[in-house]
Asks: 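Submitted below is the structure of interest, expressed as structure tokens.
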Amino acid sequence: MIDKYNPAEIESATQKYWDERQSFAVSEDPDREKYYCLSMLPYPSGQLHMGHVRNYTIGDVISRYQRMLGKNVLQPMGWDAFGLPAENAAIANRTPPAKWTYENIDYMRTQLKRLGFGYDWNRELSTCSPEYYRWEQWFFNRLFEKNLAYKKMAVVNWDPVEQTVLANEQVENGRGWRSGAIVERREVSQWFIRITDYAEELLNEIDNLEGWPDAVRTMQRNWIGRSEGVEFSFTVEGEEPLEVYTTRPDTIMGITFISVAAEHPLALKAAENNREVAEFIQSCKNIHAAEKELETMEKKGIPLGIKGIHPVSGEEIDIWAANFVLMGYGTGAIMAVPAHDQRDWEFATSHGIEIRPVIRPADGSEHDFNQSSLISKEGITCNSGQFDGLDFNDACNAVAEYLESRGAGRKTINYRLRDWGVSRQRYWGCPIPVIYSDNQKAVPVPDDELPVLLPENVEFSGVQSPIKNDPAFYRTTLPNSDIPAIRETDTFDTFFESSWYFARYCCPGSNNAMLDERANYWLPVDQYVGGIEHAVLHLLYARFFYKLMRDAGLIDSDEPFTNLLCQGMVLKDGSKMSKSKGNTVDPQSMIDKYGADTVRLFMMFASPPEQPLEWNDDAVAGSYRFLKRWWALVHRNSDAVAAARPLSSDPDRIKALVDNDAKTLRRNTHQILAKADRNYQRIHYNTVVAGAMELLNSLDRFDSGKNQDCLVAFRESLVILNKILSPIVPHIAHRLWHVMGEAGDVLDAAWPRVDHQALKSDTVKWVIQVNGKLRSEIELTADCSEQEIRSMAVTDRKIRNFIGDAEIRKIILVPSKLVNIVI
RNA sequence: GCCGGGGUGGCGGAAUUGGUAGACGCGCCAGACUCAAAAUCUGGUUGGGGUAACUCAGUGUCGGUUCGAAUCCGACCCUCGGUACCA
């Protein structure tokens, strides 16, 4: 009687076994190669979703594989616990965000444990705990000291009904998602971190991130957006010079208007005695702050009746206020050349502004400026007076030199990247450790008074942050005095917490320092796994923060993540699983029904990690079937296999096999192992699983009782199958390892080696093509000469039929693979 | 709008990175077992034509490079992610 496959029993017993032995607790060991595998920590939203299960299974498979390669593997887990959803839940349920968050963490931790992930739970952290965020406050003080943190005015979405700031996500069609009120842009004083000081290094080091996907590297390069150009100014009568930046100084003679932001001082001045301008400025207050909205909305503008003097021609140019120019970015003013910029062209066309071509195509062709602008840099300047007849580079240099010699401008390097705004007008976040004196001067909270504790037991009566109305929180005194002062009530952007948690995992229990020397043992992270949606923001902030920590002397290396894997989303019926679409599948119900191993196996099998994964209930059942078949096969043969162990552990005995069936099985097994090796390294687990299924299919058909050779080969193959599968389905692999009578735990078994002798075959199958199309196949002995192969190919019956009377022009031969006859 | 992915049978996907398109699995069809069903096992399964041997077409669309293209190049279409306050 064979035991039935019972995943619930196997998985709980195996997890208990690992727990008792603390199998995944690790410490620094200078004698072993370390491997730090990190998965992006979850936001504790309530329960795990399929995206988490996928993310963490990939990380766990990598960790277990690296462990079998003999490395000292760290795999930690924690909670990105501050954030907006806790406040929304608090308002909906009248529960304090802290209580809601902690309960979610407790539940989700049990779910992670049920999935059998090999985490070192001794290192678990929650970013909302004071033991964590106090170091963030301490580090902010270091940034403040270096003038890397500063305050400036910046735009927020203001809901005039709720009297609160809204996130971009909370604005729908320009209205607040709860109140329905039209959202206004407001300028608020906020804290910024000078990421632009590090723009050059962040850009240059992308070249060294060879373990990152090219797509992410490209996106980060484009996000940082280095450009070379010229900065110059227009003189404006009775005003400060109006400064602009351009990457196309070669088109400077084609400027026909200038645009400034609606909040620009020139616009505000014009509005004082022009009602239309004032109304236009008022209408711009309702623009949603998101870039997508800004770039896709209808472009509007109004002339201010103010002129700027062109620095070369001396011509008077009209200055407009425009809704697509932002005060906070760059100088708040841009020059416009409709002939050579498509957005300017469209604006000029719809507002009747002159289009003045100053570049003509280098090939002498005519461009129709009534149809579109000419953006190409491959042209020659014209209508540009002294700058006529130059190509792009010469024109740019000539213009820059001219402006520079007259003190009107200069060459500069510009970045698209803007400083990191870290202030949030929200409650559930890390308090920014600053105190304001009477005159609004910001003073950091002294290190020895940290942490500034966020009160957790709060009443969420409305949408307003409770600490903004809580005198017990915000009333304080200046450091070392009894002079009354006011605390900052803004909290940090939650990207602040997620920018350094991976370093803190290395130093559990460090109560006297943000990081200690253990960080330099584990860091940088060898493999980071997370969603592609983090390609720019989180991953760029984390790189930046790492460099800040390096420059504060906390760590030695320059980049935090050596290798990066961005996994695709989990889809159901073609779209992302989400509560609002009602197409979620609860991982818990699947685990209850089939067990963790089946869910893990399906997740790895259904698609390659970087691609989206289509969820399919039936296919999950197929993964379960596979595990049942494996279970049954091992149990049917357990006694014979265990008895064969002493024999087939002997490498000489294995190499001395003479039975042809045994030799064929070995060749097959080692081919699959070679492929599994490659695919483990490439992290293509779907094809690893496919190989394991092929192997099981051939083992199921194999007659292991035929003779001793067959039994020896059979046992070897079962052992290899178990090792290949164990990172993916660790519970059943653990149990079957012992059922086969193997010693120790498969968790720590050495990764199997491909026997290249076993791969050799006596014959080679050749594909014969005519003009690149498959027409026949022949099997020849491996020692055939090239000449023999050619003549066999040409005289093949099917091939002769195909060629007929046609002349053979060429024969191409790809070694051990194919012959292509060109006729 | 801008930046970056993706598009292969009924479905998820494979193809050693320019060399046999469709591995493996799901689904479906047929058969075995069963009074029957479930479970399990065996075989088949890109489409068209043909009893068959075989043959033609075929990797989003159109064009190109090559002895040979899912793979490289150009243009386009659809779709997904990001777009600085969702995380």
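To find a chain, count down the sequence lines: A is the first, B the second, and so on, and within it residues start at 1.
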Asks: Contact class for A/Thr296 (heavy atom, under 4.0 Å): base, sugar-phosphate, or nothing?
Replies: base
Asks: For a quick check of understanding: with a heavy-atom distance under 4.0 Å over all strands, which category does A/Ala215 fall into, base, sugar-phosphate or nothing?
Replies: sugar-phosphate
Asks: Which heavy-atom pair separates A/Tyr501 from A/Met40 by the least distance, and what is that distance?
Replies: OH-CA, 3.5 Å
Asks: Counting distance alone, no hydrogens or angles: does the base of B/C85 have a donor or acceptor under 3.5 Å from a partner atom on the side chain of A/Arg426?
Replies: yes
Asks: Would you measure the distance from the C1' atom in B/G7 across to the matching atom in B/A70 and give it in whole Å?
Replies: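 Per the computed distance, 11 Å lies between those C1' atoms.
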Asks: With a 4.0 Å cut-off on heavy atoms, is A/Val536 in touch with a base, just the backbone sugar-phosphate, or nothing at all?
Replies: nothing
Asks: Taking OP1 and OP2 of B/C54, is either one under 4.0 Å from a side-chain nitrogen or oxygen of A/Lys798?
Replies: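 It does, given that an N or O in the side chain of A/Lys798 lies less than 4.0 Å from OP1 or OP2 of B/C54.
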Asks: Check every atom of B/A14, B/U16, B/C85 against the side chain of A/Asp493 and return the nucleotide holding the closest atom.
Replies: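 Minimum distance to the A/Asp493 side chain belongs to B/C85.
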Asks: Spell out yes or no: do the side chain of A/Gln170 and the base of B/C85 have one donor N/O and one acceptor N/O closer than 3.5 Å?
Replies: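 By the distance-only test, no, there is no pair.
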Asks: Counting runs of three or more consecutive pairs, Watson-Crick or G-U wobble, with each distance below 3.5 Å, where are the stems of RNA chain B?
Replies: B:1-7 with B:77-83, B:10-12 with B:24-26, B:27-32 with B:40-45, B:46-49 with B:54-57, B:60-64 with B:72-76
Asks: For A/Glu610, answer base if it contacts any base atom (sugar-phosphate contacts may also be present), sugar-phosphate if it contacts only those atoms, and nothing otherwise; contact means non-hydrogen atoms under 4.0 Å.
Replies: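 Counting heavy atoms under 4.0 Å across all strands, no contact is made by A/Glu610.
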Asks: Can you tell me which nucleotide in B/A84, B/G4, B/C24 comes closest to the side chain of A/Met693?
Replies: B/C24
Asks: Given side chains that start at C-beta, do those of A/Gln425 and A/Gln190 come closer than 4.5 Å, heavy atoms only?
Replies: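 The answer is yes, as the side chains (C-beta and beyond) meet within the 4.5 Å cut-off.
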Asks: What does A/Trp615 touch in the nucleic acid at a heavy-atom separation under 4.0 angstrom: a base, only the sugar-phosphate, or nothing?
Replies: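 The residue A/Trp615 makes no contact with any strand.
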Asks: Angle between ring planes, A/Trp631 versus A/His635, binned at 30° and 60°: parallel, tilted or perpendicular?
Replies: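 Aromatic pair A/Trp631/A/His635 classed tilted.
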Asks: Please give the distance between the P atoms of B/A15 and B/G4 as a whole number of Å.
Replies: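 Between the two P atoms, the distance is 26 Å.
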Asks: Checking contacts here: which listed nucleotide (B/C85, B/U20, B/C86) is nearest the side-chain heavy atoms of A/Pro85?
Replies: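 Nearest listed nucleotide: B/C86.
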Asks: So what does A/Pro42 hit on the nucleic acid, given a heavy-atom distance under 4.0 Å: a base, only sugar-phosphate, or nothing?
Replies: nothing
Asks: Have a look at A/His534 and say if it touches a base, only the backbone sugar-phosphate, or nothing, with a 4.0 Å heavy-atom cut-off.
Replies: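 Base, at least one base atom sits under 4.0 Å.
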Asks: Please tabulate, one pair per line, all N/O donor-acceptor pairs under 3.5 Å involving side-chain atoms of residues 808-823 of chain A, not counting sequence neighbours.
Replies:
unit_1, atom_1, unit_2, atom_2, d
A/Asn820, OD1, A/Asn771, N, 3.3
A/Asn820, OD1, A/Gly772, N, 2.9

Asks: Do A/Met77 and A/Tyr56 make a side-chain contact, defined as non-hydrogen atoms from C-beta onward lying under 4.5 Å apart?
Replies: yes
Asks: Does the base of B/C67 carry an N or O that pairs as donor and acceptor with the side chain of A/Asn820 under 3.5 Å?
Replies: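 Checked by distance alone, the answer is yes.
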Asks: Can you check whether A/Arg424 has a side-chain N or O nearer than 4.0 Å to OP1 or OP2 of B/C85?
Replies: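 Indeed, a polar side-chain atom of A/Arg424 lies that close.
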Asks: Is A/Arg629 close enough to B/C41 that one of its side-chain N or O atoms is under 4.0 Å from OP1 or OP2 there?
Replies: yes
Asks: If you look at every strand shown and take non-hydrogen atoms under 4.0 Å, does A/Leu417 touch a base, only sugar-phosphate, or nothing?
Replies: base
Asks: Can you sort out the partners of A/Tyr198 under ring pair (Phe, Tyr, Trp, His ring centres under 6.0 Å), two or more places apart, ordered by chain and number?
Replies: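 In terms of ring pair (Phe, Tyr, Trp, His ring centres under 6.0 Å), with neighbours along the sequence ignored, A/Tyr198 is linked to A/Phe544.
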Asks: So does A/Glu291 reach the base of B/G1 with its side chain, donor to acceptor, closer than 3.5 Å?
Replies: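 Looking at the base of B/G1, it does pair with a donor or acceptor on the side chain of A/Glu291 (distance under 3.5 Å).
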Asks: Tell me what A/Arg775 touches on the nucleic acid: a base, only sugar-phosphate, or nothing, going by heavy atoms under 4.0 Å.
Replies: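 Touches sugar-phosphate only.
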Asks: Given the side-chain rings of A/Tyr43 and A/Trp79, with only the six-membered ring counted for Trp, is the space between their centroids under 6.0 Å?
Replies: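 For A/Tyr43 and A/Trp79, the ring centres are not under 6.0 Å apart.
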Asks: Under a 4.0 Å threshold between the charged nitrogen and the carboxylate oxygen, would A/Arg636 count as salt-bridged to A/Asp700?
Replies: yes
Asks: Considering only the P atoms, how many Å lie between B/U46 and B/U83, rounded to the nearest integer?
Replies: 43 Å
Asks: Please work out if A/Ser498 contacts a base, only the sugar-phosphate, or nothing of the nucleic acid, heavy-atom cut-off 4.0 Å.
Replies: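 The residue A/Ser498 makes no contact with any strand.
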Asks: For B/U8 and B/C56, measure between their P atoms and round to the nearest Å.
Replies: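 Pairwise P distance, B/U8 against B/C56, rounds to 26 Å.
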Asks: Give the nucleotide from the list B/G25, B/A87, B/A15 with an atom nearest to the side chain of A/Thr687.
Replies: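 Output: B/A15.
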Asks: Side chain of A/Pro608, heavy atoms from C-beta onward: which of B/C67, B/C54, B/G13 has the nearest atom to it?
Replies: B/G13
Asks: Regarding A/Glu293, tell me which of base, sugar-phosphate or nothing describes its non-hydrogen contacts under 4.0 Å with the strands shown.
Replies: nothing
Asks: Within the 4.0 Å heavy-atom criterion, would you say A/Met297 contacts the bases, only the backbone, or no part of the nucleic acid?
Replies: nothing
Asks: Measure from the side-chain heavy atoms of A/Tyr43 and tell me the nearest of B/C26, B/C3, B/A87.
Replies: B/A87
Asks: So what does A/Phe626 hit on the nucleic acid, given a heavy-atom distance under 4.0 Å: a base, only sugar-phosphate, or nothing?
Replies: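 Nothing: the residue A/Phe626, judged by heavy atoms under 4.0 Å, touches no strand.
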Asks: Taking only side-chain nitrogens and oxygens of A/Thr494, does any of them come within less than 4.0 Å of OP1 or OP2 of B/A87?
Replies: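 Looking at the OP1 and OP2 atoms of B/A87, one of them is under 4.0 Å from a side-chain N or O of A/Thr494.
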Asks: Check the orientation of A/Phe495 and A/Tyr541. Use parallel for under 30°, tilted for 30 to 60°, and perpendicular for over 60°.
Replies: tilted
Asks: Is A/Gln190 side chain donor-acceptor paired with the B/C85 base, going by distance under 3.5 Å alone?
Replies: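 When only heavy-atom distances are counted, A/Gln190 does reach the base of B/C85 through a donor-acceptor pair under 3.5 Å.
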Asks: Hey, which of these two, A/Val216 or A/Ile532, hits RNA chain B nearer its 5' end, going by closest nucleotide?
Replies: A/Val216
Asks: Taking the six-membered ring for Trp, is the centroid-to-centroid distance between A/Phe82 and A/Tyr133 below 6.0 Å?
Replies: yes
Asks: Parallel, tilted or perpendicular, judged at 30° and 60°: which one describes the rings of A/Trp500 and A/Phe545?
Replies: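 Taking A/Phe545 first and then A/Trp500, their aromatic rings lie parallel (interplane angle under 30°).
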Asks: Side chain of A/Lys810 only, heavy atoms from C-beta on: which candidate in B/C24, B/G1, B/C67 is closest?
Replies: B/C67
Asks: Look at the side-chain N and O atoms of A/Asn697 and state whether any lies under 4.0 Å from the OP1 or OP2 oxygen of B/G25.
Replies: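 Result: yes.
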Asks: When you measure from the side-chain N and O atoms of A/Arg625 to the phosphate of B/C41, is any distance below 4.0 Å, counting only OP1 and OP2?
Replies: no
Asks: So if I take every side-chain heavy atom of A/Arg682 and compare against B/C85, B/G12, B/A15, which nucleotide ends up nearest?
Replies: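 Looking only at side-chain atoms, A/Arg682 lies closest to B/A15.
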Asks: Suppose you measure atom C1' in B/C73 against the same atom in B/C24; what distance do you get, rounded to whole Å?
Replies: 33 Å
Asks: Can you find a side chain N or O atom of A/Asn686 that sits less than 4.0 Å from OP1 or OP2 on B/A14?
Replies: yes
Asks: Choose from B/U83, B/C54, B/C67 the nucleotide whose nearest atom is closest to any side-chain atom of A/Ile812.
Replies: B/C67
Asks: Where the side chain of A/Leu537 is concerned, which of B/G4, B/A84, B/C86 is the nearest nucleotide?
Replies: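 So the nucleotide nearest the side chain must be B/A84.
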Asks: When we call it a touch if two heavy atoms are under 4.0 Å apart, what does A/Phe82 touch: a base, just sugar-phosphate, or nothing?
Replies: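 Nothing: the residue A/Phe82, judged by heavy atoms under 4.0 Å, touches no strand.
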